[in-house]
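Beneath this line is the structure, given in structure tokens, with notes to follow.
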Amino acid sequence: MRALTFLCAFLCMGSAGVASAEVLRLGQPLCHAVSSVVPAGDAIPENFACTGKPEGYQKGTLWLHDMLPIGADEQDDLSLIIHSSRFDRLFVYFTYADGAMERQDVRSGDFGSHWRAGGQLAFRAPHRDVPLVGVTMRFDKVASANLLRMRLVGRGEESTQTTGLATSIGAALVLLLAGAIYNASLAVAVRRQFSAWQAAWASCMIVWGACWSQLHLFFFPGMAGAVSAQICTGLSCLAISLATLSAVTALYEGYVSRWARRAALVLTGCVALLGVPLSFMRSGPIDALAGVLGILVLANLLAVAFCIAQAWRRGSHEARSFAGAWSVPMVVLGSIEFIDTNTMFWGGGSQILILFAAAWQTLWLSVAASRSHARLRIERDMARQAEAQAQELARRDSLTGLPNRRGFIERVGTVLEQSQQQGAKVALLLIDVDWFKSINDVYGHEAGDVVLATIARQIGPHESRTCTVARLGGEEFAMMVAGLEDFALKRFAEDVRREIAACDHGEAIGRRNVTVSIGLAKAATGADFRSLYRLADEALYDAKRQGRDQVVVRTLDVLDSSAAEDIERAALGS
């Protein structure tokens with residue numbers, strides 16, 4: 001039952017354990033007394049019971065008393081540390097050997113200067129020349145005596161422990177804050193439900209940690225006491241629900257059986273349904289309900305662990321990430337049954353462990369989400385690259401590697417646009433292989449393909465920002481050139497013709513010479529492709545009629561609408 005006791009302390013109170021100091025607990029060595037109603041004065045009961053459990057104090061007053069051995073405060077002035085709980089008012093009476101009594105008090109909503117980081121209240125015994133012999137505490141309308149934790153420490157030790165505890169809490173909250181911001185950003189960027197649940201869970205843990213540790217009292221001092229304890233209960237149940245939802249939603253349905261997923265969600269709902277009324281309770285069977293809630297939480301954790309294990313066995317990558325993230329929180333909660341965590345972290349105990357376990361979980365899952373997102377981005381980039389390559393191949397001639405008719409028409413638009421911006425002239429060369437049919441008939445189509453590939457290798461290097469090369473189909477090639485004047489343009493076309501004629505076609509056609517006819521259409525700035533194509537096609541036919549192996553030049557004039565339509569049909573291959 002020890003695990004349930006500490007889990008109840010986490011869920012219901014946010015109270016923590018003790019450090020290496022004198023521990024004050026019921027019966028060891030605290031004695032108790034109960035007033036059925038809240039007394040009006042400061043009269044301390046004379047009869048205290050040192051055995052058994054107090055009853056009937058929730059609507060009245062619970063008195064706790066400890067007699068100190070002689071010389072207990074000789075080395076240092078003592079401080080009484082009380083881990084705050086749900087009560088209306090708390091009085092602390094320090095009794096000295098001469099019979100004098102010093103009183104200090106706080107009330108719910110006003111802890112004054114007594115609150116410390118880590119959910120603690122510190123009451124320093126005033127220094128006197130006579131020794132301190134007893135400490136008495138009076139709790140008005142306290143919710144549960146079983147969840148009270150007290151200890152006596154030296155005043156110097158109190159300052160050291162408070163500083164260490166505040167530093168540990170701050171470190172854990174900063175880690176959680178980093179995880180919450182990152183997951184929230186990731187949820188917005190990739191629109192993933194898991195990252196949103198994880199960011200909400202981390203944020204909930206941050207608020208819980210701030211309320212339990214009382215750091216929020218810097219800004220909202222009126223929330224001291226019962227209000228903060230009640231908020232902690234609700235936030236702890238909400239955090240458990242959000243953590244479960246983040247795990248369940250991240251595991252795809254194909255990896256987790258439907259009944260296991262439903263069991264985890266049902267248990268989460270039960271935790272929330274029981275946690276909400278428990279957070280508002282100030283009296284009644286709080287201890288019993290907290291025990292039931294602890295059992296539900298453990299069952300919920302086991303259900304989530306089963307879902308993760310099942311998904312892992314079925315090959316889920318997300319399950320492996322969750323196994324690493326959830327292992328530490330589960331080990332922490334499980335180890336409470338065997339280790340007295342109240343002796344750790346200067347009284348922070350299980351709460352500090354839970355905060356750091358939560359920070360581990362959110363950072364682990366943040367790294368896992370980053371790796372998953374990076375992997376998806378790489379796969380997306382590879383898919384886009386493959387798509388771009390496929391589109392490029394669709395615009396390329398498979399035999400020669402040059403752009404085909406579709407790719408050529410798309411590229412000439414850029415050349416024409418640049419020439420218009422720069423005020424440069426443009427020209428279109430249509431190149432047709434002479435007597436190509438006879439090559440296929442005599443040497444075969446494979447030899448014809450070799451000839452076409454050789455010509456493509458010859459004119460392909462002319463490809464540049466101002467020159468576009470393509471195979472339009474069959475034995476016809478095209479070149480769009482910008483920026484060349486009349487003489488340079490004619491010389492360029494003649495050079496292309498001679499280079500092709502000088503090509504060595506190897507053993508494909510023996511020593512047979514292959515020539516081409518070129519139709520060249522030139523125009524000033526602002527010419528359109530359809531007009532150039534029509535004119536170059538006419539020039540090519542003239543070159544064929546005039547004996548082939550020559551260049552015929554035509555200059556673009558203004559065309560009528562019917563001619564433009566003919567050009568468009570010719571450009572589209574109709």
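For the numbers below, each heavy atom of this structure counts, side chains included, while hydrogens, waters and symmetry mates do not. FYI, the numbering just counts along the sequence from 1.
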- Message: Does atom CZ (Arg258) have a neighbourhood of more than 12 heavy atoms from anything else shown, all under 6.0 Å?
- Response: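 No, not enclosed.
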
- Query: Counting heavy atoms not belonging to Arg314, are there more than 12 under 6.0 Å from its CZ?
  - Reply: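 Count over threshold, so yes.
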
Where do [X] and [Y] come nearest, in terms of heavy atoms and distance?
{"X": "Thr515", "Y": "Ala501", "result": "CG2-CB, 4.4 Å"}
{"X": "Leu532", "Y": "Ala523", "result": "CD2-CB, 3.8 Å"}
{"X": "Asn300", "Y": "Ala264", "result": "OD1-O, 3.2 Å"}
{"X": "Cys467", "Y": "Val481", "result": "SG-CG2, 4.0 Å"}
{"X": "His505", "Y": "Val450", "result": "O-CG1, 4.3 Å"}
{"X": "Arg396", "Y": "Gly401", "result": "NH1-O, 2.8 Å"}

If you round to the nearest 0.5 Å, how far is [atom2] of [Y] from [atom1] of [X]?
{"X": "Leu176", "Y": "Phe356", "atom1": "CG", "atom2": "CZ", "answer": "9.5 Å"}
{"X": "Leu298", "Y": "Leu267", "atom1": "CG", "atom2": "CG", "answer": "11.0 Å"}
{"X": "Leu540", "Y": "Tyr533", "atom1": "CG", "atom2": "OH", "answer": "9.0 Å"}
{"X": "Met205", "Y": "Leu177", "atom1": "CE", "atom2": "CG", "answer": "13.5 Å"}
{"X": "Cys307", "Y": "Leu265", "atom1": "SG", "atom2": "CG", "answer": "8.0 Å"}
{"X": "Leu520", "Y": "Leu429", "atom1": "CG", "atom2": "CG", "answer": "4.0 Å"}

Is there a side-chain contact between [X] and [Y] (heavy atoms, below 4.5 Å)?
{"X": "Ile509", "Y": "Val442", "result": "no"}
{"X": "Leu489", "Y": "Lys425", "result": "no"}
{"X": "Ile455", "Y": "Ile431", "result": "no"}
{"X": "Thr244", "Y": "Val271", "result": "no"}
{"X": "Val207", "Y": "Ser203", "result": "no"}
{"X": "Ile439", "Y": "Glu475", "result": "no"}

- Message: I'd like to check the ring pair (Phe, Tyr, Trp, His ring centres under 6.0 Å) partners of His216; sequence neighbours left out, ordered by chain and number.
- Response: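 Partners of His216 by the ring pair (Phe, Tyr, Trp, His ring centres under 6.0 Å) criterion come out as none, since no residue qualifies.
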
- Residues in ring pair (Phe, Tyr, Trp, His ring centres under 6.0 Å) contact with Tyr443, at least two apart in sequence or another chain: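 For Tyr443 there are no ring pair (Phe, Tyr, Trp, His ring centres under 6.0 Å) partners, ignoring immediate neighbours.
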
- Criterion side chain to side chain contact (heavy atoms under 4.5 Å, CB included) on Leu293 and Cys237, from CA distance to verdict: CA-CA 9 Å; Leu293 184 59; Cys237 295; 3.9 Å; yes

- Stepwise side chain to side chain contact (heavy atoms under 4.5 Å, CB included) check, Leu238 with Trp208: CA-CA 10 Å; Leu238 178 60; Trp208 174 85; over 6 Å; no

- For the pair Leu484 and Lys522, evaluate side chain to side chain contact (heavy atoms under 4.5 Å, CB included) and give the outcome as yes or no after the intermediate values. CA-CA 10 Å; Leu484 294 179; Lys522 61 180 181 178; over 6 Å; no

[X] side chain vs [Y] backbone, donor-acceptor pair below 3.5 Å:
{"X": "Arg406", "Y": "Ile409", "answer": "no"}
{"X": "Arg554", "Y": "Ala521", "answer": "no"}
{"X": "Ser517", "Y": "Gln550", "answer": "no"}
{"X": "Gln310", "Y": "Ser257", "answer": "yes"}

With the threshold set at 4.0 Å, does a side-chain nitrogen-carboxylate oxygen contact exist between [X] and [Y]?
{"X": "Lys544", "Y": "Asp434", "value": "yes"}
{"X": "Arg491", "Y": "Glu494", "value": "no"}
{"X": "Arg534", "Y": "Asp537", "value": "no"}

- Message: Could you walk me through whether Arg457 and Thr454 satisfy the side-chain hydrogen bond (donor to acceptor under 3.5 Å, both in side chains) test, starting with their C-alpha distance in whole Å, then the side-chain angles of each, then the deciding distance to 0.1 Å, before giving a yes or no?
- Response: CA-CA 5 Å; Arg457 287 194 297 272; Thr454 303; 3.3 Å; yes

- Item | side chain to side chain contact (heavy atoms under 4.5 Å, CB included) assessment of Leu402 paired with Phe477 | CA-CA 9 Å; Leu402 296 177; Phe477 297 84; 4.0 Å; yes

- Message: Ring-plane angle category for Phe408 and Phe529, please: parallel below 30°, perpendicular beyond 60°, tilted otherwise.
- Response: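 Perpendicular.
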
